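To start, the structure itself, in structure tokens.
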Amino acid sequence: MNMLDDLFVVLLVLNAIWFAMGFNVFSLRNKIFAKLVVPRAQRDTPVFEILAESGRFLGGFNFAFALLSVLMLLNLGVFPNDDQRIILLSVIAVAHGTQFIFNVPVALQNRKGAGVWQVLKGVMLFIFVTDFIMMALNALLAIGYAL
């Protein structure tokens, strides 16, 4: 194995962990997810329950990407080709990137004292930054394989 392949394995482990954490929070512990984005004063409304339940859909996507990462780890030989790994890493980068990019407008609103939820504080800031880092790592490794 070369250095890129070692990084591929490490990144698959990180992807699996991050996506599994997303599945846990969005699907299994969906009320925690809802509490992250709904202000305390509005948690007794029906919308809170709707949001909590809708988080399960997002968790399902996270579960799929966690499973993909684990299956790739267990079957590295199925995708031995650099071009195959570029495609897989690019798709995973987009999965992380969409989690990040759709929070950018909310973060910009936060800077003006507005926004539908707080992206720039606490757990949401950690998620926001981690999604960016994971997007960048997957994209950079895909570029590494392309060079």
Side-chain angles (χ1 to χ4, degrees), residues 4 7-76 78-79 81-147:
L4 287 179
L7 290 172
F8 184 66
V9 169
V10 169
L11 195 51
L12 287 176
V13 169
L14 292 174
N15 284 322
I17 292 168
W18 185 245
F19 286 126
M21 288 171 58
F23 170 69
N24 179 49
V25 170
F26 294 122
S27 288
L28 302 179
R29 303 178 77 194
N30 58 322
K31 299 246 191 248
I32 290 174
F33 151 68
K35 286 178 181 178
L36 289 174
V37 296
V38 176
R40 188 176 312 262
Q42 298 172 351
R43 291 182 191 159
D44 60 350
T45 67
V47 175
F48 178 80
E49 290 299 321
I50 292 168
L51 180 65
E53 289 304 312
S54 69
R56 294 181 190 271
F57 289 104
L58 186 54
F61 291 113
N62 277 269
F63 179 78
F65 279 105
L67 180 62
L68 174 65
S69 298
V70 169
L71 291 175
M72 288 171 54
L73 275 167
L74 297 174
N75 299 283
L76 289 171
V78 174
F79 300 106
N81 180 300
D82 288 356
D83 291 336
Q84 294 169 328
R85 291 183 177 188
I86 290 167
I87 291 169
L88 290 165
L89 289 165
S90 296
V91 170
I92 293 172
V94 168
H96 289 297
T98 58
Q99 302 286 317
F100 168 78
I101 201 71
F102 291 127
N103 268 320
V104 168
V106 179
L108 293 173
Q109 291 171 351
N110 288 171
R111 293 188 70 182
K112 297 176 184 174
V116 292
W117 59 74
Q118 287 297 314
V119 174
L120 300 177
K121 293 181 182 175
V123 175
M124 285 301 294
L125 178 60
F126 173 73
I127 292 169
F128 186 59
V129 170
T130 303
D131 279 325
F132 176 80
I133 291 168
M134 293 302 293
M135 172 194 66
L137 291 174
N138 281 273
L140 288 171
L141 188 55
I143 291 167
Y145 275 117
L147 298 178

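What you see is a predicted model; the values in this text were computed from it and never measured.
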Residue pairs involving residues 38-64 (criterion ring-ring contact (aromatic ring centres under 6.0 Å, His included); sequence neighbours excluded): Phe23-Phe63
Using a 4.5 Å cut-off on heavy atoms from C-beta on, say whether the side chain of [Y] contacts that of [X].
| X | Y | value |
| --- | --- | --- |
| Tyr145 | Asp83 | no |
| Ile87 | Phe79 | no |
| Leu58 | Gln99 | yes |
| Val116 | Val37 | no |
| Met134 | Leu14 | yes |
| Val106 | Met124 | no |

Do you know which two heavy atoms are closest between [X] and [Y], and how far apart they sit?
| X | Y | answer |
| --- | --- | --- |
| Gly59 | Ser27 | CA-OG, 3.1 Å |
| Gly55 | Phe33 | CA-CE2, 3.5 Å |
| Ala16 | Val70 | CB-CG2, 3.8 Å |
| Leu120 | Ala107 | CD1-O, 3.4 Å |

Using the side-chain contact (heavy atoms from CB on, under 4.5 Å) rule, take Asn103 and Trp117 through it: C-alpha gap first, then chi angles, then the decisive distance, then the call. CA-CA 9 Å; Asn103 268 320; Trp117 59 74; 3.0 Å; yes
Should Val78 and Gln84 be marked as a side-chain contact (heavy atoms from CB on, under 4.5 Å) after you check the CA-CA gap, both sets of side-chain angles, and the distance that decides it? CA-CA 9 Å; Val78 174; Gln84 294 169 328; over 6 Å; no
As a quick check of understanding, evaluate side-chain contact (heavy atoms from CB on, under 4.5 Å) for Leu71 and Leu68, giving each step before the final call. CA-CA 5 Å; Leu71 291 175; Leu68 174 65; 5.7 Å; no
Using the side-chain hydrogen bond (donor to acceptor under 3.5 Å, both in side chains) criterion, which residues pair with Asn138? Sequence neighbours excluded. Asn15
[atom1]-[atom2] distance between [X] and [Y], expressed to the nearest 0.5 angstrom:
| X | Y | atom1 | atom2 | value |
| --- | --- | --- | --- | --- |
| Ile92 | Met72 | CD1 | CE | 5.0 Å |
| Lys121 | Leu36 | NZ | CG | 14.0 Å |
| Arg85 | Ser90 | CZ | OG | 13.5 Å |
| Leu141 | Leu88 | CG | CG | 11.0 Å |
| Asn62 | Met21 | CG | CE | 10.5 Å |
| Met135 | Leu140 | CE | CG | 9.0 Å |

In this structure, is the centre-to-centre distance between the rings of Trp18 and Phe126 below 6.0 Å? yes
Give me the one residue out of Leu11, Leu4, Leu12 that meets side-chain contact (heavy atoms from CB on, under 4.5 Å) with Phe8. Leu12
Under 3.5 Å: donor-acceptor pair, side chain of Asn110, backbone of Val119: yes
Donor-acceptor pair, side chain of Asn24 and main chain of Ala20, under 3.5 angstrom: no
Around atom CZ of Arg43, are there more than 12 heavy atoms from other residues, nucleotides or ligands closer than 6.0 Å? yes
